[in-house]
Amino acid sequence: MPDNYARDAETTDVADAWLVAATQQIADEPTSDVDRLISSISGSLQRIRRPARTLATDGIRIKTSDRVVKQLVAVRTRRELGRLTVFVSVDGAGDTVEGVRVGLIARYADDLPSLSDDVRDIVEGVLIETLGADSSASARRNISVRWQDVYTREWLSR
């Protein structure tokens, strides 16, 4: 069993690295100095590794990784809403997902309740596509969105 586990972990790391590289290549080019700085910093983050958590899906004998879910949430949020994702946490025990927490940067005069709903829609779509409707049902009822003030770096309550 340890040999199979090591092989699965190695395969997951290769697949995760490919996904990170692919999503960075298809992401839109940054348009401002701040966006370019963020992209240059986040571009090197793929070198920082931690063990991925394997997640169950609706598919028989098909598993995915929390890294895949996090990356897809961050890329889609950036692409669809033009917002930097500060963090994504896929919560749960073992291979189940019980909730997702997302942190983003707020801008002055944002309609945070409306934007939070948009982020929840994105997360829900990613969960259904990656885990399936049954495996993600609990997590889709528990999507938390938090906003960070760009100047004070304080978390804002909605």
Side-chain angles (χ1 to χ4, degrees), residues 1-31 34-106 112 115-148 155:
M1 179 143 176
D3 290 336
N4 289 340
Y5 179 76
R7 192 170 353 151
D8 288 345
E10 182 178 308
T11 302
T12 300
D13 284 347
V14 171
D16 291 346
W18 176 85
L19 178 68
V20 169
T23 54
Q24 287 173 343
Q25 288 175 2
I26 62 173
D28 296 332
E29 283 295 313
T31 57
V34 172
D35 288 339
R36 279 192 284 280
L37 176 61
I38 290 167
S39 292
S40 69
I41 292 168
S42 63
S44 64
L45 291 179
Q46 69 185 14
R47 290 181 234 136
I48 300 170
R49 305 300 268 177
R50 65 147 188 83
R53 186 163 69 101
T54 302
L55 305 175
T57 69
D58 288 352
I60 298 172
R61 292 182 288 192
I62 297 174
K63 302 239 180 206
T64 191
S65 157
D66 64 338
R67 286 187 195 155
V68 171
V69 174
K70 291 176 183 181
Q71 185 71 19
L72 286 172
V73 167
V75 168
R76 287 193 185 162
T77 302
R78 176 73 184 242
R79 182 173 293 138
E80 293 178 26
L81 301 179
R83 294 309 174 100
L84 173 67
T85 304
V86 177
F87 74 87
V88 179
S89 177
V90 178
D91 302 328
D95 64 356
T96 63
V97 179
E98 297 166 3
V100 176
R101 292 177 288 140
V102 182
L104 300 110
I105 300 292
L112 295 183
L115 282 172
S116 295
D117 289 340
D118 293 341
V119 172
R120 284 186 193 90
D121 290 343
I122 290 169
V123 173
E124 186 172 343
V126 168
L127 290 172
I128 290 171
E129 290 173 16
T130 56
L131 304 178
D134 293 336
S135 295
S136 67
S138 176
R140 288 184 286 121
R141 290 187 299 270
N142 189 20
I143 299 170
S144 173
V145 180
R146 295 181 65 197
W147 295 91
Q148 189 176 53
W155 288 105

Self-check item: Derivation of the side chain to side chain contact (heavy atoms under 4.5 Å, CB included) call for Lys70 and Val90
Solution: CA-CA 7 Å; Lys70 291 176 183 181; Val90 178; 3.9 Å; yes
Quiz item: Quick check: does any side chain N or O of Arg83 sit under 3.5 Å from a backbone N or O of Leu115, one acting as donor and the other as acceptor?
Solution: no
Quiz item: How close do Leu131 and Ala56 get, heavy atom to heavy atom, and via which atoms?
Solution: CD2-O, 3.5 Å
Quiz item: Would you say the side-chain atoms of Thr54 and Asp95 include a donor-acceptor pair closer than 3.5 Å?
Solution: no
Exercise. Quick one: closest heavy-atom pair of Ala133 and Arg140, and the distance?
Key: O-NH2, 2.7 Å
Quiz item: Can any side-chain N or O of Thr96 pair as donor or acceptor with the backbone N or O of Gly92 at less than 3.5 Å?
Solution: no
Self-check item: With Leu72, the side chain to side chain contact (heavy atoms under 4.5 Å, CB included) member among Thr64, Ile122, Val123, Val126
Solution: Val126
Quiz item: Is the backbone of Phe87 close enough, under 3.5 Å, to the side chain of Arg101 for a donor and an acceptor to pair up by distance?
Solution: no
Practice problem: Identify the heavy atoms of Val88 and Val100 that sit nearest to each other, and give their distance. | Solution: CG1-CG1, 4.1 Å
Practice problem: Decide yes or no on side chain to side chain contact (heavy atoms under 4.5 Å, CB included) for Arg78 and Leu84, but give the supporting numbers first. | Solution: CA-CA 6 Å; Arg78 176 73 184 242; Leu84 173 67; 4.3 Å; yes
Self-check item: Nearest non-hydrogen partners of Thr57 and Ile62, listed with the distance
Solution: OG1-O, 2.6 Å
Exercise. Compare every heavy atom of Ala106 with every heavy atom of Leu112, then report the nearest pair and how far apart it is.
Key: CD2-CB, 4.1 Å
Quiz item: Does Ala74 offer a backbone N or O that forms a donor-acceptor pair with the side chain of Thr77 under 3.5 Å?
Solution: no
Exercise. Measure the spacing between CD of Gln71 and OG of Ser65 and express it to the nearest 0.5 Å.
Key: 10.5 Å
Quiz item: If you round to the nearest 0.5 Å, how far is CG of Asp91 from CG of Asn142?
Solution: 7.5 Å
Quiz item: Does the Ser135 side chain pair with the main chain of Asp58, one donor and one acceptor, at a distance under 3.5 Å?
Solution: yes
Self-check item: Separation of Arg141 CZ from Arg120 CZ (nearest 0.5 Å)
Solution: 15.0 Å
